[in-house]
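In what follows, a structure is listed as structure tokens, so that the remarks can point back to it.
Lettering of chains follows the sequences in order, A, B, ..., and the numbering in each one begins at 1. All values derive from a computational prediction rather than experimental measurement. Just so you know, these numbers use all the heavy atoms, side chains as well, and skip hydrogens, waters and symmetry mates.
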Amino acid sequence: MAAAATCSTGTRSTGSMVVAASRNNVTSFQRRGPRTSGTDSGCSRLVSISGTRPSVRNGQLLVSTGLPALDQLLGGGLAVGTVLLIEEDKYNIYSPLLFKYFLAEGIVTGHTLLVASAKEDPADILQELPAPLLDDNCKKECDEDICNHKTESNVKMKIAWRYQLLPKIEARPVSSSRFGHYYDVSKRIPQELIEASKWHGFFLPEKISSTLNEDPCSLNHGYIKLLQFIQNIIYKEGFDGSNPQKKQKNILRIGIQNLGSPLWGDDICWTENCDSNCSLTKFLYMLRGLLRTSLSACIITVPTHLIQNKAIIARVTNLSDTVVGLESFIGSEKETNPLYKDYHGLIHIRQIPQLNNLICDVSDVKDLAFKLKRKLFTIERLHLPPDLSDTVSRSSKQDLAESAKLLGPGCGMTARGKKHLDF
Amino acid sequence: MFPELNNLLNTTPDQVEQGKLTLLCDAKTDGSFLVHHFLSFYLKANCKVCFVALIQSFSHYNIVGQKLGVSLTTARECGQLVFLEGLKSAVDVFFRPQEEPHPLQFLREANSGNLQPLYEFVQEALKPMDSGEAAWRCPVLLVDDLSVLLSLGVGAVAVLDFVHYCRATVCREWKGNVVALVHDSGDAEDEENDILLNGLGHQSHLILRAEGLATGFCKDVHGQLRILWRRSSQPTAQRDRSLTYQYKIQDKNVSFFAKGMSPAVL
């Protein structure tokens with residue numbers, strides 16, 4: 001009753017008292033909070049570019065793919081200067097998500113974007129990016145703010161009490177230098193974030209309308225245009241080291257959608273022989289050459305299921321750095337398989353690059369499945385490996401049960417529970 | 001270089017065989033560790049090396065080379081190593097057309113397949129000098145890898161011709177060595193690549209074939225290496241000798257062991 005009374009009389013006084021009390025209780029055994037430890041300043045000294053971190057393994061600068069689970073599988077993230085190739089799933093439902101995660105991560109961390117597509121207008125693609133979930137600090141602040149508002153409105157609003165629960169702050173622009181964020185696919189990215197970001201769009205139908213000048217290369221016309229566009233931006237904005245950037249260094253994130261599809265004017269999908277057709281492989285080689293000499297990372301989605309010739313896929317794989325394949329269950333017999341009932345598809349890590357190293361960072365887990373929840377795209381381990389040493393694990397289980405019995409003399413439940421376990 | 005591989009191949013940097021074509025081949029795994037081995041091996045053996053690197057950047061090879069005890073930058077500065085960085089040159093050729101023919105000039109040509117500029121580059125790089133300011137032991141051409149040329153629109157026959165020319169000049173005339181890596185496409189049925197692989201296998205003196213394990217991924221065994229000597233001088237009984245070892249790649253070294261004798265299994 002007394003506490004309630006003080007609350008109603010003056011919230012401010014109690015608040016100050018709490019603060020004072022907490023100050024008095026300071027001991028030497030204090031957990032270093034995320035804010036007090038000065039991680040921010042330390043990070044900024046080590047990593048000069050926001051949203052990147054150096055690899056533990058080879059010292060390469062890494063950027064996040066926008067999906068922390070995938071980063072972990074790829075050995076910490078995507079190395080700057082490399083190509084991530086996504087093999088699209090059959091009906092192209094899940095691969096655009098990875099594509100958008102990559103771009104959204106770029107917007108949140110303040111990187112420059114370059115979006116190329118032959119199908120959708122890049123501006124539309126940006127509009128459909130998922131909204132970032134606020135990180136813990138922001139969330140805490142938000143909650144505190146909400147609490148403050150509650151206490152204030154306690155006095156003012158008595159009738160509309162239900163409105164107290166509504167958060168006062170709608171997603172405000174967060175630009176954080178943290179590595180890897182989570183995104184809510186059910187919401188769109190806030191408009192002000194897109195406006196604040198710097199991006200370049202390459203929409204093939206707009207670019208191709210210009211006069212067809214005769215270029216001696218055997219490259220496809222659309223690919224030439226795109227290469228020139230990328231090269232121009234890298235050169236003009238100083239993403240290559242030779243032309244030093246005036247302000248702070250930044251990363252260029254390149255996203256190319258449905259590369260190799262008929263809309264790009266490529267005919268690899270229906271040619272049988274690959275010797276006459278090397279537009280795509282040549283393009284990839286040039287792109288890789290551009291990326292290696294600049295501060296940029298690239299994501300490409302390729303409809304590999306359309307390509308009949310396996311030799312082309314093998315060559316494309318060899319010419320890209322990281323290759324991730326998506327296989328959705330839609331339309332396949334795996335859809336009804338009880339083994340896969342919790343998942344929407346499988347994810348295959350086909351290739352991981354060896355950078356500055358003899359070995360690559362291959363994760364031990366090979367069977368991975370993905371699931372699209374209401375808000376999140378998650379990657380999970382499909383099943384645990386078979387427990388081969390069964391005698392060992394059984395004895396350990398018995399030990400566990402016995403130790404539990406020893407530990408808890410008060411709870412007879414465990415002893416009884418053991419009988420049930422020994423079926 | 002990996003001492004264990006030298007033991008298996010019966011070579012040391014002090015005694016280098018001359019006039020040989022070595023084919024490196026990888027199937028379902030990455031065989032680039034063999035390229036790093038031969039690069040550091042020949043640099044330590046004091047050979048003049050021309051390295052046509054089409055797959056990775058110079059810094060990558062340099063950092064791995066430092067782990068293996070050679071410095072590519074100093075080798076390049078003192079003229080022991082001539083490095084052609086494919087990725088960088090491709091961009092230069094494509095965006096900044098030059099007057100003089102570039103080794104990778106074929107990238108700009110419509111119906112390409114002309115590797116003559118590349119051959120001339122190799123010839124120029126490895127040409128023995130009369131006024132020897134620093135006498136290197138023998139010239140070596142190293143290519144990583146030839147399959148990329150196919151992806152860039154060069155025909156298999158043109159690549160075979162290129163290798164044949166190099167062999168005639170480097171191996172035969174100058175008593176040097178040629179080492180080339182080719183991917184084995186396996187079940188992808190890449191006809192051009194198969195032509196290239198079979199053609200080179202026919203010409204080469206030593207074939208090192210790195211394969212992924214047939215049973216799939218393993219943490220402790222990265223693959224197996226098949227060594228095939230094709231010696232024409234010896235009697236038929238020992239002419240084609242083949243050995244198979246399994247290997248595990250470590251940070252700075254590769255350990256080889258007999259099949260099924262991995263330390264992790266025993």
Chain B shares the most heavy-atom pairs under 4.5 Å, among A:Asn318, A:Leu284, A:Val316, with A:Asn318
Between chain B and each of A:Gly289, A:Pro353, A:Ala314, A:Gly81, count heavy-atom pairs under 4.5 Å; write down the option with the most. A:Gly289
Are [X] and [Y] close enough that some pair of their side-chain heavy atoms sits under 4.5 Å apart?
X: A:Arg315; Y: B:Glu192; value: yes
X: A:Leu358; Y: B:Lys67; value: no
X: B:Leu107; Y: A:Met286; value: yes
X: B:Gln56; Y: A:Asn356; value: no
X: B:Asp251; Y: A:Asn357; value: yes
X: A:Ile359; Y: B:His222; value: yes

Under 4.5 Å heavy-atom distance to chain B, tell me which part of [X] shows up: side chain, backbone, both or neither.
X: A:Leu280; result: neither
X: A:Leu319; result: side chain
X: A:Gln351; result: neither
X: A:Arg292; result: side chain

Between A:Tyr285 (side chain) and B:Val148 (backbone), is there a donor-acceptor pair under 3.5 Å? no
Spatial distance of atom [atom1] ([X]) from atom [atom2] ([Y]) [nearest 0.5 Å]:
X: B:Ser57; Y: A:Leu291; atom1: OG; atom2: CG; result: 12.0 Å
X: B:Phe94; Y: A:Gln228; atom1: CZ; atom2: CD; result: 6.0 Å
X: A:Gln60; Y: B:His60; atom1: CD; atom2: NE2; result: 10.0 Å

Examine whether an atom of [X] lies under 4.5 Å from a heavy atom of chain A, and if so say whether it belongs to the side chain, the backbone or both; otherwise answer neither.
X: B:Phe33; value: both
X: B:Phe58; value: neither
X: B:Leu150; value: both
X: B:Ser32; value: side chain

Mind ranking B:Val93, B:Asp145, B:Asp187, B:Asp30 by heavy-atom pairs under 4.5 Å with chain A and telling me who comes out on top? B:Asp30
Partner chain A: residue of B:His183, B:Glu85, B:Gln66 with the largest heavy-atom pair count (under 4.5 Å): B:His183
For atom CD of B:Gln250, is the number of surrounding heavy atoms from other residues, nucleotides or ligands below 6.0 Å larger than 12? yes
Tell me whether A:Lys90 at atom NZ has more than 12 heavy atoms from other residues, nucleotides or ligands lying less than 6.0 Å away. no
Heavy-atom nearest pair, A:Lys310 first then B:Ala188, reads CB-O, 3.6 Å
